[in-house]
2 protein chains.
Amino acid sequence: MDPTVHDVARRANVSISTVSRVLNNSAPVSEDKRRRVLQAVEDLQFTPNPAARSLLGQATGTIGAILPHITGEFFADLLSGLDEGIKQHEYLLMVSASRRLEHDFIAALQGMYKRVDGLVIMAPELSAERVLTLTGSSVPVVFLNTHSTTPGMLSVNFNNRDGMVKIARHIADRGHKRAAYIGGPSDAFDAQERQQGFLETVPDGLKVMPYSGDFSFECGYKNGQKILNSSPRPTVIVAANDLSALGAMRALLENGISVPDEIAVTGFDGTRSAHFSTPSLTTVNVPIGQLAANAVELLVNQLSNESPYESPEKPAELELIVRESSSKKY
Amino acid sequence: MDPTVHDVARRANVSISTVSRVLNNSAPVSEDKRRRVLQAVEDLQFTPNPAARSLLGQATGTIGAILPHITGEFFADLLSGLDEGIKQHEYLLMVSASRRLEHDFIAALQGMYKRVDGLVIMAPELSAERVLTLTGSSVPVVFLNTHSTTPGMLSVNFNNRDGMVKIARHIADRGHKRAAYIGGPSDAFDAQERQQGFLETVPDGLKVMPYSGDFSFECGYKNGQKILNSSPRPTVIVAANDLSALGAMRALLENGISVPDEIAVTGFDGTRSAHFSTPSLTTVNVPIGQLAANAVELLVNQLSNESPYESPEKPAELELIVRESSSKKY
DNA sequence: GAATTGTGAGCGCTCACAATT
DNA sequence: GAATTGTGAGCGCTCACAATT
């Protein structure tokens, strides 16, 4: 059996409340007893049972994250940013992937009930309001890349719309006249914002053929095959994210079509694969690791009441990164 | 204030133990009262407080994972496999990255104390024995890709050594006479096994120049630059993992050196980047997602006592995948 | 007497308050 | 009287046992 405060108290010859006081520094304790307690803790390898603490309404020391996915470069970077931020404040991280399914999302939420002090939630297929209905405002929540209409919510966003506006201007600059647009999941607000940004910005002389996708490599690949066989063939493929752009590029290269000489390709997210693919991929950089760390920072501030009403900042502006895949003038 | 069993009991006009019985199906309850309890639970949106439950020595419903890293394709796939397996058994996942530092590893372990029912641990830079000294055998542990000399431990491994033996034979077959070997972290047993497998298998006529690395893209890139300027230049670069192989390949391509015509390159891990890089990368496939799911399966079995003494299987055999990057005969 | 129900103790802590120096 | 210490209750549950039908 693991030792408890009673064991420590007995060994140090003090009462359990003295042990508690030493452990939490919650009241002055004589130097003599403090030393004995610490010695006993050391001897017994005592660690307080977190369940007992959280039962008393204390913090659990854990932060939960619910994300659409856990795999893939984008989410790995996101997770890494969360982990970094959480370590800095000595919290623990509990994660769950919703797979973009409301059922899984609710299951994750219920699972984390009373197990976490706060939540970082990315749910572009839901809205912040919908999520709050589900959480019942029992814990502080910071939203990441999630649509919200209510002001004053804690959230970290980035400007999906404007990022894609930059792509649209760029390919217009390059003289393209026919573009294929590979979209993201239709229920995801970030995918919608990107698509709108694109469609609203392209000049009249640039014809857009939309293809539906889901942010996956596979959808990019399949759409790429369709696109290269379409007629008249577009001169550029604009994908809603890097992964599907790389899929499309793969389809083109496998069929001997040169990028960017015959068809240009662009992505979105700024993943490392986009940097190191051949040809390297033009994209919009989303510093998701940093943004995730910011979200943790906001949440921790909220939890420690240091700045209980931190107003949410504007969505982060994203930078266009032009690379080989769209370097040719048409 | 969130509702408790008392609130439910009051509303259903029963005692709290009847509520508990309905919730846990631990004893027969009359149909009438059962219905009333369930109705009250529904009305009040009651969810039992997990802290109270785990205080009674009950399961926490959480599985912890401590991994060297959380980012990168390999670990993202690993994490995804864990998440998949854990969801299947309705557990929650708590994760922490040790960054290969013993200090961080211990911190993660302490943080998870009494918060998890079991642990999946990957610590190639430590050993299973060292880890068990630290955990103090207070929770069941399943090891993943971690060195162990004690038989009977729960572990999931894969044959790093043999995987690299296959690479060595392959490049000998291709007629190479000079190879550069980019290693992994020297304290990591998987990196050691791979390097040994390679060095012990290459024929006498094949000269090997070792370069030290750390499994990162950057180390591959830097070593790649060194290698291409070395004289006599090797005809093949064998990297301890895909990421560093891709880094090396990048350095070669940037300097106008053709792969595989001038220098061949091989990796290890079987990541998707290896599949889709240009040229595609010869590698050894490590089905890490599947292996991670197996580890969860083992752990869950152990926790449910279904097969309390499952003997560990042999390390999984890995498959060589020959692709463009080593397709040329020398 | 068998089925169902309720009462009370206790898991390991922290906090208010009383008791001790 | 001020500083330090201990006692007892209680957080929200489950389980053993007693009490009820």
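Within every chain, numbering begins at 1; the chains are lettered A, B, ... in the order of the sequence lines, protein sequences first and strands thereafter.
Using a 4.0 Å heavy-atom criterion, one finds that A:V29 contacts the sugar-phosphate atoms exclusively. A:S17 comes within contact range of at least one nucleobase, with a heavy-atom separation under 4.0 Å. When heavy atoms are screened at a 4.0 angstrom cut-off, B:T18 is found touching the sugar-phosphate backbone but no base atom.
A donor-acceptor pair is defined here as one N or O able to donate and one able to accept, closer than 3.5 Å; such a pair exists between the side chain of B:T146 and the backbone of B:L144. Remark: the backbone N or O of B:T149 is paired with a side-chain donor or acceptor of B:E129 at under 3.5 angstrom.
As rounded to whole Å, 7 Å separates atom C1' of D:dG6 from atom CZ of A:R21. Protein atom CG of B:D7 is 9 Å distant from nucleotide atom P of D:dG12, rounded to whole Å. One can place CG of A:L23 at 8 Å from P of C:dC13, the figure rounded to the nearest angstrom. Computed from coordinates, the A:D32 CG to D:dT5 C1' distance equals 13 Å when rounded to whole Å. A straight line from CG of A:L55 to P of D:dA9 spans 18 Å, rounded to a whole angstrom. Per the geometry, CG belonging to B:D2 stands 9 Å off P belonging to D:dG12, to the nearest Å. Between A:H6 atom NE2 and D:dT7 atom C1' there is a gap of 11 Å when expressed in whole angstrom units. If you measure from atom CZ of B:R53 to atom P of C:dG12, you get 18 Å, rounded to the nearest angstrom.
Put simply, B:N49 has no side-chain N or O that comes within less than 4.0 Å of OP1 or OP2 on D:dC11. Not one side-chain nitrogen or oxygen of B:K114 sits closer than 4.0 Å to the OP1 or OP2 atom of C:dC11. OP1 or OP2 of C:dT14 has at least one side-chain nitrogen or oxygen of A:S20 nearer than 4.0 Å. Put simply, B:T4 has no side-chain N or O that comes within less than 4.0 Å of OP1 or OP2 on D:dG12. Taking only side-chain nitrogens and oxygens, B:S30 comes nearer than 4.0 Å to OP1 or OP2 of C:dT5. OP1 and OP2 of C:dA3 both lie 4.0 Å or more from every side-chain N or O belonging to B:K33.
Taking the six-membered ring for Trp and thresholds of 30 and 60 degrees, A:F75 and A:H69 have ring planes more than 60 degrees apart, a perpendicular arrangement.
Looking at which nucleotide of DNA chain C each of B:S15 and B:A52 is closest to, the 5′-most match is held by B:S15.
Using modelled atom types, one finds a donor on one side chain and an acceptor on the other under 3.5 Å when comparing B:T60 with B:D117. In this model, a donor atom of one side chain and an acceptor atom of the other lie less than 3.5 Å apart for A:Q39 and A:D43.
When both pairing distances are held under 3.5 Å, C:dC11 makes a Watson-Crick or G-U pair with D:dG12. In this structure, D:dT20 and C:dA3 make a Watson-Crick or G-U wobble pair, each of the two defining distances being under 3.5 angstrom.
The side chain of B:V14 lies closest to C:dG6, out of C:dG6, D:dG12, D:dT4.
At a threshold of 4.0 Å, the pair A:D214-A:R100 does not count as salt-bridged, since none of the basic side-chain nitrogens sits closer than that to a carboxylate oxygen.
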